[in-house]
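Everything on this sheet refers to the single structure shown next.
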Amino acid sequence: MSGLTISQKILAAHSGNKEVAPGQIIEAEVDLLMMNDLGTPIAIDQFEQIGIGRVFDPAKVVLIPDHSVPNKDVRAAEQTRRVREFARAHGIRFFELGEMGIEHALLAEQGFVYPGMLFLGGDSHTCTAGALGCFAAGIGSTDGAAVLATGRLWLRVPETMRVTFRGTPGRWVTGKDLILHTLARIGDEGARYRSIEFGGEALASLSMDDRFSITNMASEAGAKTAIMEPDEATLEYLEGRVTLPYAVVRSDPDASFVEQLELDVGKLEPQVAVPFSPSNSRDVSAVGTVAIDQAVIGSCTNGRITDLRIAASILRSRKVHRGVRLIIIPATQTIYLQALREGLIEVFIQAGGVVSTPTCGPCLGGHMGILASGEKAIATTNRNFRGRMGAVDSEVYLSNPAVAAASAVLGRIGSPEEIVS
């Protein structure tokens with residue numbers, strides 16, 4: 001057998017095997033289970049039907065309400081209360097409103113995820129944590145109930161494809177652009193049930209926030225997970241956050257990849273995904289004239305502090321175009337506070353934007369920015385499917401924070417180079 005990939009090594013270690021092969025069914029021990037306010041009530045019902053009566057290890061479970069908080073209606077309030085009461089009854093860590101954040105930003109920020117671990121979450125963008133070198137994958141509520149009861153889960157070992165980024169990204173090109181460009185190349189199902197291993201010298205020039213954006217949107221290509229080999233920047237990010245011991249896992253030099261793709265990003269423009277798929281990505285200069293009604297900067301993809309700094313650098317001393325609604329959503333309370341201390345919140349408000357407490361909100365068409373019939377929005381979120389942010393005939397265009405901020409000022413989709421020298 002040829003050498004093993006990072007994903008294979010992690011799954012082998014968590015299933016008591018020396019090695020595993022793509023397609024193999026394993027029973028793996030889970031290091032951390034995360035669930036949110038949407039899927040957890042269903043998982044609780046299923047867990048209670050199992051009849052065990054106790055969670056396998058409360059210290060390995062985290063419950064984070066983030067999709068419909070602050071509670072947008074009675075149903076959301078009841079769901080959140082159910083999760084809160086379950087957490088109290090079983091001694092599980094529950095992030096209350098004043099300390100919470102969007103789960104995929106919060107867990108990394110708070111040191112819950114680390115290299116080499118097996119992390120499962122009740123949301124498709126759980127793969128975000130793979131930027132830290134762990135196997136992180138989304139699961140459904142029934143699987144979540146099984147993990148609650150046993151701490152283990154059957155998994156099929158995915159094939160691994162390798163995406164290598166070459167060159168040095170330009171001034172306004174971010175991790176969001178690299179993943180949008182990747183999606184344009186491989187399509188909506190180009191990584192179906194695969195692990196995407198990202199690498200290449202271009203990653204070295206990117207912050208951890210940018211790297212999280214890349215792994216976050218691997219799910220938009222159908223991937224089971226996405227992963228990056230930890231480097232010095234990764235270890236620096238982990239220092240002071242993670243208290244548990246961990247080991248960095250790397251692919252063997254002779255590891256076998258089902259597919260390898262090299263992308264030169266040195267001359268890449270900022271990307272925009274036009275409706276109705278993230279893979280409909282193209283250079284911002286090729287989008288044409290698209291007037292917008294709303295701009296959203298935030299989400300688990302681009303609501304981190306570097307994203308807010310980029311947006312503020314464009315919005316400072318400028319005004320949002322009349323008729324455009326600008327919504328800023330910091331991904332966590334910690335990021336919100338940091339943005340406040342740096343004066344970023346003042347910049348956003350003076351520009352004519354509004355700032356929300358952390359929430360998934362408009363990304364899934366929940367609240368805090370629903371689109372009316374025929375309206376168009378540019379957003380730093382991760383999906384632009386039909387009706388994703390509101391009315392079925394509304395349109396969502398995906399971009400990085402710089403393009404979203406510039407577009408809010410221009411009143412149409414445009415490049416930051418149009419207003420910033």
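Remember, predicted model here, so these are calculated numbers, not experimental data.
One finds no salt bridge joining E78 and R75 here, because no Lys/Arg side-chain nitrogen approaches an Asp/Glu carboxylate oxygen to under 4.0 Å. A salt bridge links R84 to E96: one of the charged nitrogens lies within less than 4.0 Å of a carboxylate oxygen. Of the charged side-chain nitrogens involved, none lies within less than 4.0 Å of a carboxylate oxygen, so that R162 and E259 do not count as a salt-bridged pair. Looking at E189 and R194, no side-chain N of the basic residue comes within less than 4.0 Å of a carboxylate O on the acidic one, giving no salt bridge. Ionic pairing of D231 and R250 is not present here: no N-O contact between side-chain nitrogen and carboxylate oxygen is shorter than 4.0 angstrom. Residues E418 and R412 are paired through a salt bridge, judged by an N-O separation under 4.0 Å between the basic side chain and the carboxylate. A salt bridge links R82 with D45: the closest approach of a Lys/Arg side-chain nitrogen to an acidic carboxylate oxygen falls below 4.0 angstrom.
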Practice task
Starting from the C-alpha separation in whole Å, work towards a yes-or-no answer on side-chain contact (heavy atoms from CB on, under 4.5 Å) for I196 and T215.
Solution key: CA-CA 8 Å; I196 306 179; T215 50; over 6 Å; no

Handout entry: Test log, rule side-chain contact (heavy atoms from CB on, under 4.5 Å), inputs F165 and T182
Key = CA-CA 10 Å; F165 295 119; T182 303; 3.4 Å; yes

Exercise for the section: Please report the C-alpha distance between H125 and E220 in whole Å, then the side-chain angles of each, then the deciding distance to 0.1 Å, and finally whether the side-chain hydrogen bond (donor to acceptor under 3.5 Å, both in side chains) criterion is met. Expected result: CA-CA 9 Å; H125 292 105; E220 271 57 75; 3.1 Å; yes

Practice task
Go through F95 and I64 one step at a time and tell me if the side-chain contact (heavy atoms from CB on, under 4.5 Å) criterion holds.
Solution key: CA-CA 5 Å; F95 279 87; I64 305 173; 3.9 Å; yes

Exercise for the section: Report the C-alpha distance between V113 and M117 in whole Å, list the side-chain angles of each, state the deciding distance to 0.1 Å, and finish with yes or no for side-chain contact (heavy atoms from CB on, under 4.5 Å). Expected result: CA-CA 7 Å; V113 286; M117 76 182 302; 3.9 Å; yes

Exercise for the section: Output, in order, the C-alpha distance, side-chain angles, deciding distance and verdict of salt bridge (charged side-chain N to carboxylate O under 4.0 Å, His left out) for E346 and R341. Expected result: CA-CA 10 Å; E346 183 176 356; R341 288 169 173 164; over 6 Å; no

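Cation-pi geometry between R211 and F198 is not met at under 6.0 angstrom from the ring centre and within 45 degrees of the axis.
You'll find the side chain of S15 reaches within 4.5 Å of the side chain of V20, heavy atoms only. Between S394 and K376 there is no side-chain heavy-atom pair separated by less than 4.5 Å. The closest side-chain heavy-atom distance from E197 to M228 is not below 4.5 Å. Inter-residue side-chain proximity for L315 and L326 is flagged as met; some heavy-atom pair is nearer than 4.5 Å. Between L398 and V272 the shortest side-chain heavy-atom distance does not fall below 4.5 Å. Using a 4.5 Å heavy-atom cutoff, the side chains of P115 and L238 are in contact. Proximity of I345 to F348: side-chain heavy atoms (C-beta onward) are separated by under 4.5 Å at one or more points. The shortest side-chain heavy-atom distance between K176 and N382 does not fall under the 4.5 Å cut-off.
Atom CG of N384 is separated from atom CE of M389 by 9.0 Å, given to the nearest 0.5 angstrom. To the nearest 0.5 Å, the span separating CZ on F86 from CG on L63 amounts to 7.0 Å. The CG atom of L261 lies 8.0 Å from the OG1 atom of T164; values are rounded to the nearest 0.5 Å. To the nearest 0.5 Å, the span separating CG on D57 from CG on L32 amounts to 10.5 Å. The CE atom of M100 sits 11.5 Å away from atom OG1 of T334, with the distance rounded to the nearest 0.5 Å. In this structure, the separation between SG on C134 and CG on D31 is 9.0 Å, given to the nearest 0.5 Å.
Other residues, nucleotides and ligands contribute more than 12 heavy atoms inside 6.0 Å of the CD atom of Q338. Atom CZ of R171 has more than 12 neighbouring heavy atoms from other residues, nucleotides or ligands inside a 6.0 Å radius. Crowding of R241 atom CZ: a count of heavy atoms from other residues, nucleotides or ligands under 6.0 Å exceeding 12.
For F135 and F119, the distance between ring centers is not under 6.0 angstrom. Between Y237 and Y114, the ring centre distance reaches or exceeds 6.0 Å.
Nearest heavy-atom pair, L106 versus E99, reported as atom, atom and distance to 0.1 Å: CD1-O, 4.1 Å. V324 approaches V320 most closely through the heavy-atom pair O-CG1, 3.4 Å. The two residues G53 and F47 make their nearest non-hydrogen contact at C-CZ, 4.3 Å. Across A43 and M35, no two heavy atoms sit closer than the pair CB-SD, 3.7 Å. Nearest heavy-atom pair across S407 and I413 is OG-CA, 3.3 Å. Of all heavy-atom pairs spanning I186 and A221, the tightest one is CD1-CB, 3.7 Å.
In this structure, the side chain of S219 does not engage the main chain of G222 through any donor-acceptor pair within 3.5 Å. Distance alone, capped at 3.5 Å, places no donor-acceptor pair between the S141 side chain and the I42 backbone. Panel note: side chain R318, backbone I314; a donor-acceptor pair is recorded below 3.5 Å. A donor-acceptor pair is defined here as one N or O able to donate and one able to accept, closer than 3.5 Å; such a pair exists between the side chain of K319 and the backbone of Q350. With hydrogens and angles ignored, the 3.5 Å screen pairs a side-chain donor or acceptor of R304 with a backbone N or O of C300. Remark: side-chain polar atoms of S281 are paired, donor with acceptor, to backbone N or O of P278 under 3.5 angstrom. Although no hydrogens or angles enter the test, the distance criterion places a donor-acceptor pair under 3.5 Å between the side chain of Q294 and the main chain of G369.
Judged by distance alone, the side chains of T80 and D37 never bring a donor and an acceptor atom under 3.5 Å apart. At a cut-off of 3.5 Å, with distance as the only test, no side-chain donor of D209 or S207 sits close to an acceptor on the other residue. Between the side chains of H104 and N216, no donor-acceptor pair is found at a separation under 3.5 Å. A side-chain donor from one of E269 and S285 sits under 3.5 Å from a side-chain acceptor of the other. Looking at T5 and S7, their side chains never bring a donor and an acceptor atom within 3.5 Å of each other. In this model, a donor atom of one side chain and an acceptor atom of the other lie less than 3.5 Å apart for T359 and H367. Using modelled atom types, one finds no donor on one side chain facing an acceptor on the other under 3.5 Å when comparing T142 with Q46. For the 3.5 Å distance criterion, the side chains of S124 and R383 qualify, holding a donor opposite an acceptor.
Screening T380, N302, N400 for a side chain to side chain donor-acceptor pair (under 3.5 Å) with S213, the sole residue that qualifies is N302. When L38, N36, T40 are each tested for a side-chain contact (heavy atoms from CB on, under 4.5 Å) with Q79, only one passes: L38.
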